[in-house]
Structure formats: C-alpha cells, structure tokens
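For reference, the structure is listed below as structure tokens.
Keep in mind that what you see is a predicted model, and the values were worked out from it rather than measured.
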Amino acid sequence: MSNELVPFGELDNLSAKLAVSGLFAGKTKEQIFSLLMLAHSEGVHPMTALRDFDIISGRPAKKAQAMHQSFLDAGGSVEWHKLDDTIADATFSHPQGGRVRIVWDMERVKKAEIKNEAMYKKYGRAMLRSRCISEG
C-alpha cells in the first residue's frame, strides 16, 4: 500500500463510501471525514488511519493493537508476567523512557467503572490486555 496522501478533494467522496460500507470506525460520513482529515494533517494514509483508530464517544481513539505496534516500532519492549482472563500484568520499557509495570485485573475494571461488561465476560484476556497496553 502506498503512503501517498489522498488529495483533499477526494476525502469527502471516500468518507461517504466508507460510511456506507460499515467496515471501519465511524458511523457517519462526517465522523469518518474528520478522522481522515486528522490523518491527512499528520501525513497518514486514510486506510492506515481507519485500520489504527476507532471512534469512541464521538472521538478518535487509537486501537491498543496499533499503540502496541507503534511502541515496538519505536524501540520499546513488553515483558508479559501474566496474561489470562483475570489479569494482564506487563512491564513496558523503552530506551528513552525507563520502565513501568502495569497491571489490569477485573477489580480494577470495576473500580474504573468501565462499561462493556459483556465483552469482559466473553473476552476477558483480550480486553485486559488492551487496557494494559493502552496505559503502558
């Protein structure tokens, strides 16, 4: 895939088609257009932005998987101490920023009043991993 920017005039048309597809972040053409404009301002191809971001509560939010990849690409490393349906415990380190150990468990999810209880029951490990990565 090319990293060339899509001309500004084509983003509106692209946003409409992507909104209809229902495959990516954003429920409306306007939400997708806003995300694509943000990506455009940072020199990011529209499809990369759609792969790496969700729109949560009307705001762009980088996906944990994309954060993790960016961190690793920038020289960071992650050591997982425990990862299962009840806990995600990892140490994040980076040559420019030291080390930090982050732990997310179901008690912390409850304390933080994070919604989506059904997803934590179905996919506890993945959800806790994402929280840990996002904080790390």
Lys/Arg-Asp/Glu bridge criterion (N-O < 4.0 Å) met for K111, E107:
no
Taking side chain to side chain donor-acceptor pair (under 3.5 Å) as the test, write out the residues that go with N13, two or more places apart.
none
Partner set under ring-ring contact (aromatic ring centres under 6.0 Å, His included) for H94, not counting sequence neighbours
F71
Minimum heavy-atom distance between D105 and R108, given as atom pair plus value
OD1-N, 2.8 Å
Kindly write out the residues that satisfy side chain to side chain contact (heavy atoms under 4.5 Å, CB included) with R129, not counting sequence neighbours, or none if the list is empty.
H68, W80, L83, I133
What closest approach, in Å, do G136 and I102 show between heavy atoms, and which atom pair accounts for it?
CA-CG1, 3.9 Å
Check side chain to side chain contact (heavy atoms under 4.5 Å, CB included) between E10 and all other residues, then give those that pass, not counting sequence neighbours.
V6, P7
Single-linkage hydrophobic cluster I114~M119, side-chain heavy atoms < 4.5 angstrom
yes
So NZ of K122 and CD of E117: to nearest 0.5 Å the spacing works out to 12.5 Å
Indicate if M47 and V20 have the same hydrophobic cluster label, given that clusters are the connected sets of ILVMFWY residues with side-chain heavy-atom separations under 4.5 angstrom.
no
Would a single hydrophobic cluster contain both L38 and F24, if residues Ile, Leu, Val, Met, Phe, Trp and Tyr are joined by side-chain heavy-atom contacts under 4.5 Å?
no
State, to 0.1 Å, how close L35 and A49 come at their nearest heavy-atom pair, and which atoms those are.
CD2-O, 4.2 Å
By side chain to side chain donor-acceptor pair (under 3.5 Å), R101 pairs with (sequence neighbours left out) D89
Closest non-hydrogen contact found for K29 with S15 is O-CB, 3.7 Å
Test side-chain contact (heavy atoms from CB on, under 4.5 Å) on D85 and Y120; report intermediate values, then the result.
CA-CA 8 Å; D85 284 338; Y120 279 90; over 6 Å; no
Side-chain donor-acceptor pairs under 3.5 Å in residues 52-65, sequence neighbours left out?
unit_1: K62; atom_1: NZ; unit_2: S70; atom_2: OG; d: 3.0
unit_1: K63; atom_1: NZ; unit_2: R51; atom_2: O; d: 3.2

For E135 and W104, which heavy atoms make the closest approach, and how far apart are they?
OE1-NE1, 2.8 Å
Checking side-chain contact (heavy atoms from CB on, under 4.5 Å) for the pair M127/V109: CA distance, chi angles, key distance, verdict?
CA-CA 10 Å; M127 297 295 284; V109 169; over 6 Å; no
Out of curiosity, L50 CG to S21 OG, how far, rounded to the nearest 0.5 Å?
8.5 Å
Looking at every non-hydrogen atom in both residues, tell me the closest pair between T86 and L128 and how far apart they are.
C-CD1, 3.4 Å
Straight-line distance of K82 NZ to C132 SG, nearest 0.5 Å
13.5 Å
If you measure from CZ on R125 to CD1 on I87, what distance do you get to the nearest 0.5 Å?
13.0 Å
